[in-house]
Amino acid sequence: MAEPTAPKPYVVFARRWRPQTFDDVVGQDHISQQLRNAVTSGRVGHAFLFRGPRGVGKTSMARILARALNCESGPAAEPCGTCSHCRSIAAGSAMDVIEIDAATHTQVDEMRNILASVGYSPSSMRFKIYIVDEVHMLSKHSFNALLKTLEEPPPAVKFIFATTDPQKIPDTIRSRCQDFEFRRISAEDIVARLDHILSREEGVEAEESERRAILEALAWHAEGGMRDAQVALDQLISLTSGKLTLAATRQLLGAIENRQLLDCVRAMQGGDTARLLELIDQLVESGADLENFVKSLMQFVRDLLILKTAPRQTGLTDLPSTWMEEVKAALPSLDLGLLLNLGHNLFTLAEQIKTASHIRFLVEFFFIKLTAAGSARSIDSLLRALESGAPPAPAAPSPPGGGGARGGGDPLASPAPAVASA
Ligand SMILES: [Zn+2]
């Protein structure tokens, strides 16, 4: 009888899709190129600082650099990925590549222990490489210990520091590092990568007509972080039995339908408190997370402001392309002053939500205050009303370029809010 074939070992999704070469790291080409050049020219410093938002490829890049430097057929601009050094670094089991999460090693003694081994030669590889994640979390004493090492670095030792908060790193440390700034990854790049992954995951399919919208929703939610986007895709796949659908995606992300965001801004513009309260009720009823809604609204208002003030910079927004036309069509009826005011106030709301116990009430108060109490009333509409001698209607739509020459500029044409009719 034939031996039963062993099941293919399951490799965790995140590890399966972790970038393996410089080319795999999405959205950071400027850094990949510099690092390749440094490795091939042999001009590699003792310490690197990788800074940037979370989930954009800093630690992945650090591991790839470690492999490039230590590959048996290297140092090489592209590590081979198959030699024992490359494989053990990828698996996190290499003796000479030491990964430290500073968030859990803030005690001076622990850092001292780690640095005590710095003076010893690498056990089998070319370089001993310390990858310190979230390095800004180290204590002052740990930084002092580190500084002593950086002042006289042993020849075969490299440090790669990663941080989301470079301001907290002492200048004395920063000035001794080669500095690399990682960028937030564009929604378009994230969609492309997710598309690549989805097409190669065995036995996983998306509803064809919804495929693009699903990937855009995942990318938009991740706010420029590739790791978060991949984690969400992984969750979606494991939660879905048949084809991936947009409905399941929205449910997973607690996603706010795009339309609700636009509805919300329109209701603000019209001073329509009743509509806003209705929207909040719908969100709560559908199980959406209000904190997430506020975050999405903030991002949406930011995108509207970019489209409004710098229309040629469409690329800076994260708006899904399938939705762009509708948003652009709505733009002329939205008032710049209102958007600025809304954006500003949303920051305060987002802060308050973090510690609030009754989030729904807080969000309701927020919208009532901004509409019924009249703070949403724009300067434009007040000025126009003064000019025409009519009583100002709250938050009247503003035509493009200001003034009332084109349609939609009549303050009296906007829906009368409840408070004005009282
Ligand atoms: Zn290799």
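This chain uses plain numbering: 1 for the first residue, then up along the sequence. The model shown is predicted, which means the values in this text are computed figures rather than measured ones.
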Margin query: Does Asp179 form a salt bridge (charged side-chain N to carboxylate O under 4.0 Å, His left out) with Arg174? I'd like the steps, not just the answer.
Written below: CA-CA 8 Å; Asp179 198 355; Arg174 283 171 67 176; 5.1 Å; no
Notebook entry, point to check: In terms of heavy-atom contacts, does CD of Gln34 have more than 12 from other residues, nucleotides or ligands at under 6.0 Å?
Noted result: yes
Note to self: Quick one, Phe159 and Thr149 - any side-chain contact, counting heavy atoms below 4.5 Å?
What the structure shows: yes
Check: Taking C-beta and beyond as the side chain, do Leu233 and Gln230 meet within less than 4.5 Å on heavy atoms?
Finding: no
Note to self: If you define the side chain from C-beta out and look only at heavy atoms, does anything of Phe48 sit under 4.5 Å from Phe161?
What the structure shows: no
Note to self: Can a donor-acceptor pair be found, under 3.5 Å and without considering hydrogens, that links the side chain of Arg43 to the backbone of Val39?
What the structure shows: no
Next item on the list: To the nearest 0.5 angstrom, please state how far the OG1 atom of Thr240 sits from the CD atom of Gln251.
Entry: 9.5 Å
Note to self: Please determine whether side chain to side chain contact (heavy atoms under 4.5 Å, CB included) holds for the pair Thr163 and Lys58, giving the CA-CA distance in whole Å, both sets of side-chain angles, and the decisive distance to 0.1 Å.
What the structure shows: CA-CA 8 Å; Thr163 182; Lys58 297 188 297 296; 5.9 Å; no
Item checked: N-O pairing of Arg184 and Glu223 below 4.0 Å -> no
Check: Has the side chain of Ser175 got a donor or acceptor atom that lies under 3.5 Å from a matching backbone atom of Asp171?
Finding: yes
Item checked: Electrostatic pair Asp23:Arg36 at N-O distance under 4.0 angstrom -> yes
Notebook entry, point to check: Should we count CE of Met95 as having more than 12 external heavy atoms under 6.0 Å?
Noted result: no
Next item on the list: Indicate yes or no: at least one non-hydrogen side-chain atom of Leu305 is less than 4.5 angstrom from one of Leu336.
Entry: yes
Notebook entry, point to check: Quick one: CG on Asp289 to NZ on Lys295, what's the gap to the nearest 0.5 Å?
Noted result: 8.5 Å
Check: Run the side chain to side chain contact (heavy atoms under 4.5 Å, CB included) check on Leu244 and Thr249 step by step: do they pass?
Finding: CA-CA 8 Å; Leu244 307 184; Thr249 310; 5.6 Å; no
Notebook entry, point to check: Do Arg51 and Phe182 come within less than 4.5 Å of each other through their side chains, counting heavy atoms only?
Noted result: no
Checklist line | With sequence neighbours excluded, residues passing side chain to side chain donor-acceptor pair (under 3.5 Å) with Ser88 | finding: none
Item checked: Smallest separation among heavy atoms of Ser32 and Phe22, with atom names -> OG-O, 3.2 Å
Notebook entry, point to check: Would Glu201 and Arg16 satisfy salt bridge (charged side-chain N to carboxylate O under 4.0 Å, His left out), going step by step from the backbone distance to the final call?
Noted result: CA-CA 10 Å; Glu201 275 290 303; Arg16 195 160 58 237; 2.9 Å; yes
Margin query: Assess the residue pair Asp24 and Arg18 against the criterion (salt bridge (charged side-chain N to carboxylate O under 4.0 Å, His left out)); give the C-alpha distance rounded to whole Å, side-chain angles, the decisive distance to 0.1 Å, and a yes or no.
Written below: CA-CA 8 Å; Asp24 285 347; Arg18 185 175 288 159; over 6 Å; no
Notebook entry, point to check: Less than 4.5 Å apart, any side-chain heavy atom of Leu277 and any of Asp281?
Noted result: no
Note to self: How long is the straight-line distance from CZ of Phe143 back to CE of Met137, given to the nearest 0.5 Å?
What the structure shows: 10.5 Å
Checklist line | Pairs touching residues 115-143 that satisfy salt bridge (Lys or Arg N to Asp or Glu O under 4.0 Å), sequence neighbours left out | finding: none
Notebook entry, point to check: If we ignore angles and hydrogens, is there a donor and acceptor under 3.5 Å between the side chains of Gln299 and Asp303?
Noted result: no
Item checked: Nearest-0.5 Å distance, CG of residue Asp96 to OG of residue Ser124 -> 4.5 Å
Notebook entry, point to check: So how far is it from Asp272 CG to Asp263 CG, rounded to the nearest 0.5 Å?
Noted result: 10.0 Å
Checklist line | Check: Gln28 and His30 side chains under 4.5 Å, non-hydrogen atoms | finding: yes
Margin query: Less than 3.5 Å apart, any donor N or O on the side chain of Ser117 or Tyr130 sitting next to an acceptor on the other?
Written below: yes
Check: How many angstroms lie between atom CG of Leu194 and atom CD of Glu216, to the nearest 0.5 angstrom?
Finding: 11.0 Å
Margin query: Looking at Arg360 and Glu291, is any side-chain nitrogen of the basic one under 4.0 Å from a carboxylate oxygen of the acidic one?
Written below: no
Margin query: Test salt bridge (charged side-chain N to carboxylate O under 4.0 Å, His left out) on Arg211 and Glu207; report intermediate values, then the result.
Written below: CA-CA 6 Å; Arg211 184 188 176 99; Glu207 196 56 55; over 6 Å; no
Next item on the list: Search all heavy atoms of Arg193 against all heavy atoms of Val26 and return the closest pair with its distance.
Entry: CD-CG2, 3.8 Å
Item checked: Contact summary for Asp29 and Val25, nearest pair of heavy atoms -> OD1-O, 4.1 Å
Next item on the list: Taking all non-hydrogen atoms of both residues into account, name the closest pair between Ala206 and Leu198 and its distance.
Entry: CB-CD2, 4.1 Å
Check: Which atom names give the shortest non-hydrogen contact between Val191 and Ala219, and what distance separates them?
Finding: CG2-CB, 3.7 Å
Check: Does any non-hydrogen side-chain atom of Tyr120 lie less than 4.5 Å from one of Pro154?
Finding: no
Checklist line | Worked verdict on Val56 versus Met226 for side chain to side chain contact (heavy atoms under 4.5 Å, CB included) | finding: CA-CA 6 Å; Val56 296; Met226 185 64 82; over 6 Å; no
Next item on the list: May I ask you to decide if Asn70's main-chain N or O and His85's side chain share a donor-acceptor pair within less than 3.5 Å?
Entry: yes
Check: Using a distance-only test with no angle check, is there a side-chain donor-acceptor pair under 3.5 angstrom linking Ser84 and Glu72?
Finding: yes
Next item on the list: Can you see which heavy atom on Ala77 is nearest to which on Pro79, and at what distance?
Entry: O-CD, 3.9 Å
Checklist line | Modelled atom types, side-chain donor and acceptor of Gln20 and Arg67, under 3.5 Å | finding: yes
Notebook entry, point to check: Hey, mind stepping through Leu362 and Ile353 against side chain to side chain contact (heavy atoms under 4.5 Å, CB included) and telling me if it holds?
Noted result: CA-CA 7 Å; Leu362 188 66; Ile353 279 184; 3.8 Å; yes
